[in-house]
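Here's the structure, in structure tokens; my notes come after.
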Amino acid sequence: TNSKMLTSQFSRSLARSQTAFAYRAISTSSDKAGIKNRLTELIPQWQAEIKAFRAEKGSKVLGDVTVDQAYMGMRGVKSMVWETSLLDSEEGIRFRGLSIPQCQEMLPKAPGGQEPLPEALLYLLITGEVPTEAQTKALSEELASRAEIPEHTRKMIENFPKTLHPMTQFSSAILSMQSESEFAKAYSSGTLRKADYWQVTLEDALNLIAKAPGVAAAIYRSTYKNGTDMWAPNDASLDMSANFCNQLGSEYGGNEQFKELMRLYLTIHSDHEGGNVSAHTVHLVGSALSDSYYSLAAGMCGLAGPLHGLANQECLSFQKAMMDKLGSPPYSADAVRQATWDVLNAGQVVPGYGHAVLRKTDPRYACQREFAQKHMPNDPLFQLVSRQYEVIPQVLTEHGKTKNPWPNVDAHSGCLLQHYGFVEQNFYTVLFGVSRAIGTLSQLVIDRALGLPLERPKSYTTRWLIEN
């Protein structure tokens, strides 16, 4: 009897300690920017709105699915909810309803800067509201306070062979930090309520977004700078992009224009609806209740693919090859036109022009072009890229095999980075990944808040399709 009583007391004590452990991250976490408090107010409103909407329209058909769509990457199949951004074929991307020009105008900026701060966009994506200057500053400070990288991850990066692709290093390093997941710890206790999933997911998301730039910078220093100055500390008085540039190296941290470029880059690459490979992967893996570290690492493996995150490198290679062929500027319209036809007549594609959804110039391209016109108008590579913008859509229209002849984001980002001496092309996808973490993890928090279930679409065999 005494043994049973002791066992019962031990079980109750263990349950209490597990409960306390499960909610440690929820109760003691920092919320300087007020994101968690605001979400506590907003989430019941979102849940009630969706409940009422589904009760009224739950059986409404969103669209048909053709056999071709089943074979062709599910292009255009309307089957996901993604709250943080919406891509319109004519207007381009909107972040929580705001276009890129509106974000550039409305989101807080660094002192003396003109480009939006990525952490301001992070606040917008998670809450749906434009932050104040004070909220943005507080979020910058909070991210800096969360940026410490685990010692085992540091050793891992330091010991990676220099020949290992930076994206392999990046995704591996993210996965190694899964030991820090507050969601995993709380969930494994067995006492975490479903209604509180979003709170520990928010903890993981903020921690991982804060750590990603430092991880990326360390990989850059290890791979390309002989492993020197790999672990520059974060300065809580600086914004995320300024800290990132300092960590990449003094040649970048001391260049105010490059900091502005990084603010713009990290903002515009953060999110692009939920159907692209990296975003959908984070959502899909997360739907299994895999934590933010598992989910983002999987998404980064998708981003590493040549058809997704490698596109800007292919654009840069195309541009440099044309520059080698044409020589020094000025570049005439006739010369660029002929060089483009030479590529097409050789059976090759022109990278960076066309998009699966967009039917006009990508606004992300346009804002990068404006940046170049303002800061580097005489750069030879930009002069070529600018001439291509005038000529290539005409050529592709005459060629007749491209639905959308206008440039996308990848056709411009490479030349900007090259101008500032950031020439290591294999690292460009890591920059993309640091940015994409902002959008995908914001949506993962919302997934948890809305209680979205395990994703499980139906598949068929070719034989079944033929017979039915």
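Sequential numbering from 1 along the given sequence is applied to the chain's residues.
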Could you tell me whether the side chain of Lys211 and the main chain of Glu148 form a donor-acceptor pair under 3.5 Å?
-> yes
Looking only at heavy atoms, which two atoms of Pro116 and Thr267 are closest? And how far apart?
-> O-OG1, 3.5 Å
Main-chain N/O of Glu129 paired with Thr127 side-chain donor or acceptor, under 3.5 Å = yes
Is the shortest heavy-atom distance from the side chain of Gln104 to the side chain of Cys367 under 4.5 Å?
-> yes
What do the steps show when you test Asp334 against Gln338 for side-chain hydrogen bond (donor to acceptor under 3.5 Å, both in side chains), and what is the final call?
-> CA-CA 6 Å; Asp334 288 342; Gln338 185 57 53; over 6 Å; no
Backbone of Asp291 reached by a side-chain donor or acceptor of Ser295 within 3.5 Å | yes
Step by step, would you call Met323 with Tyr331 a side-chain contact (heavy atoms from CB on, under 4.5 Å)?
-> CA-CA 9 Å; Met323 176 178 270; Tyr331 300 106; 3.5 Å; yes
Just grab all the side chain to side chain donor-acceptor pair (under 3.5 Å) pairs involving residues 456-465, residues at least two apart or on different chains.
-> Tyr71-Thr462
Where do Val215 and Ile149 come nearest, in terms of heavy atoms and distance?
-> N-CD1, 3.5 Å
Just do the side-chain contact (heavy atoms from CB on, under 4.5 Å) check on Lys109 and Arg263 with the steps written out, would you?
-> CA-CA 9 Å; Lys109 302 163 182 62; Arg263 291 167 186 134; over 6 Å; no
Short question: side chain of Thr440, backbone of Ala279 - any donor-acceptor pair under 3.5 Å?
-> no
For Trp406, does the CH2 atom have more than 12 heavy-atom neighbours from other residues, nucleotides or ligands under 6.0 Å away?
-> no
Sub-4.5 Å side-chain heavy-atom contact between Met240 and Pro213 = yes
Side-chain donor-acceptor contact under 3.5 Å, Gln313 with Thr429 = yes
Do the non-hydrogen side-chain atoms of Val350 and His399 ever get within less than 4.5 Å of each other?
-> no
Which residues satisfy the side chain to side chain contact (heavy atoms under 4.5 Å, CB included) test with Gln69, sequence neighbours excluded?
-> Val65, Thr66, Val77
Salt bridge Glu370-Lys374, side-chain N to carboxylate O under 4.0 Å | no
By side chain to side chain contact (heavy atoms under 4.5 Å, CB included), Ala212 pairs with (sequence neighbours left out) Phe170
Which residues pass the side chain to side chain contact (heavy atoms under 4.5 Å, CB included) test with Arg94, sequence neighbours left out?
-> Glu91, Ser99, Gln102
Basic-acidic side-chain contact under 4.0 Å: Glu119, Lys137 = no
Give a yes or no answer on whether the side chain of Glu180 reaches the backbone of Pro150 with a donor-acceptor pair at less than 3.5 Å.
-> no
Would Tyr353 and Tyr389 count as having a side-chain donor-acceptor pair, cut-off 3.5 Å?
-> no
Qualifying residues under side-chain hydrogen bond (donor to acceptor under 3.5 Å, both in side chains), relative to Tyr293, sequence neighbours excluded | none
Take His308 and Arg436 through the test side-chain contact (heavy atoms from CB on, under 4.5 Å) and record every step on the way to the result.
-> CA-CA 12 Å; His308 190 12; Arg436 190 49 59 95; 4.2 Å; yes
Looking just at side-chain N and O atoms, do Ser176 and Thr153 make a donor-acceptor pair shorter than 3.5 Å?
-> yes
Between His375 and Phe371, how do the two ring planes meet: parallel, tilted or perpendicular, split at 30° and 60°?
-> tilted
Could you go through the side-chain contact (heavy atoms from CB on, under 4.5 Å) check for Tyr252 and Gln247 one step at a time?
-> CA-CA 9 Å; Tyr252 307 115; Gln247 292 167 329; over 6 Å; no
In terms of side-chain heavy atoms, does His272 have a donor or acceptor partner in Ser85 at a distance below 3.5 Å?
-> no
Specify the closest pair of heavy atoms between Ser292 and Leu208, including all atoms of both residues, with the distance to one decimal.
-> O-CD2, 3.6 Å
Residues Lys259, Asp239: salt bridge by 4.0 Å N-O rule | no
Ion pair present between Arg387 and Glu390, side-chain N to carboxylate O less than 4.0 angstrom?
-> yes
Heavy atoms of Cys245 and Phe258 approach each other most closely as SG-CD2, 3.6 Å
Measure the shortest side-chain to side-chain distance between Gln135 and Leu139 over non-hydrogen atoms and say whether it is less than 4.5 angstrom.
-> no
Non-hydrogen side-chain atoms of Leu381 and Leu316 separated by less than 4.5 Å | yes
For Asn207 and Glu203, does a side-chain donor sit closer than 3.5 Å to a side-chain acceptor?
-> no
Assign the ring pair Tyr224 / Phe427 to parallel, tilted or perpendicular, where the plane angle (0 to 90°) is split at 30° and 60°.
-> perpendicular
Is it the case that Arg96 places NZ or CZ above or below the six-membered ring of Trp46, under 6.0 angstrom from the centre and within 45 degrees of the axis?
-> yes
Backbone N/O of Gln169 and side chain of Ser172: donor-acceptor pair under 3.5 Å | no
Any donor-acceptor N/O pair, Ser250 side chain to Asn246 backbone, under 3.5 Å | no
For residues Leu266 and Pro118, report the shortest heavy-atom separation together with the two atoms involved.
-> CB-CG, 3.6 Å
Where the side chain of Thr281 meets the backbone of Gly299, is there a donor-acceptor pair that is under 3.5 Å apart?
-> no
Closest heavy-atom contact between Asn426 and His165?
-> O-CE1, 3.4 Å
Say whether Asp235 and Ser237, considering side chains only, have a donor N or O and an acceptor N or O under 3.5 Å apart.
-> yes
Could you pull out all residues at least two apart from Leu289 that satisfy side chain to side chain contact (heavy atoms under 4.5 Å, CB included)?
-> Phe183, Tyr187, Tyr197, Arg448
Do Leu122 and Ser442 have side-chain heavy atoms sitting under 4.5 Å apart?
-> yes
Without swapping roles, check the side chain of Asp204 against the backbone of Glu182 for a donor-acceptor pair under 3.5 Å.
-> yes
How about Ile100 and Phe95: do any of their side-chain heavy atoms sit closer than 4.5 Å?
-> yes
Angle class for the Tyr365/His412 ring planes (parallel below 30°, perpendicular above 60°, tilted otherwise)?
-> perpendicular
Asn226 side chain to Thr228 side chain, donor-acceptor N/O pair below 3.5 angstrom = no
More than 12 heavy atoms from other groups under 6.0 Å of OH on Tyr294 = no
Ignoring hydrogens and angles, state whether a donor on the side chain of Ser222 or Glu158 is under 3.5 Å from an acceptor on the partner side chain.
-> no
Would you please say whether a donor-acceptor pair under 3.5 Å links the side chains of Asp271 and Gln443?
-> no
So Tyr265 and Phe244, ring pair (Phe, Tyr, Trp, His ring centres under 6.0 Å) or not? Walk me through it.
-> CA-CA 12 Å; Tyr265 185 100; Phe244 185 29; 9.4 Å; no
Supply the atom-to-atom distance Ile268 CD1 to Glu115 CD, rounded to the nearest 0.5 angstrom.
-> 9.0 Å
So do the side chains of Leu452 and His283 get within less than 4.5 Å of each other, counting heavy atoms only?
-> yes
For Gln319 and Ala411, indicate whether the former's side chain and the latter's backbone hold a donor-acceptor pair under 3.5 Å.
-> yes
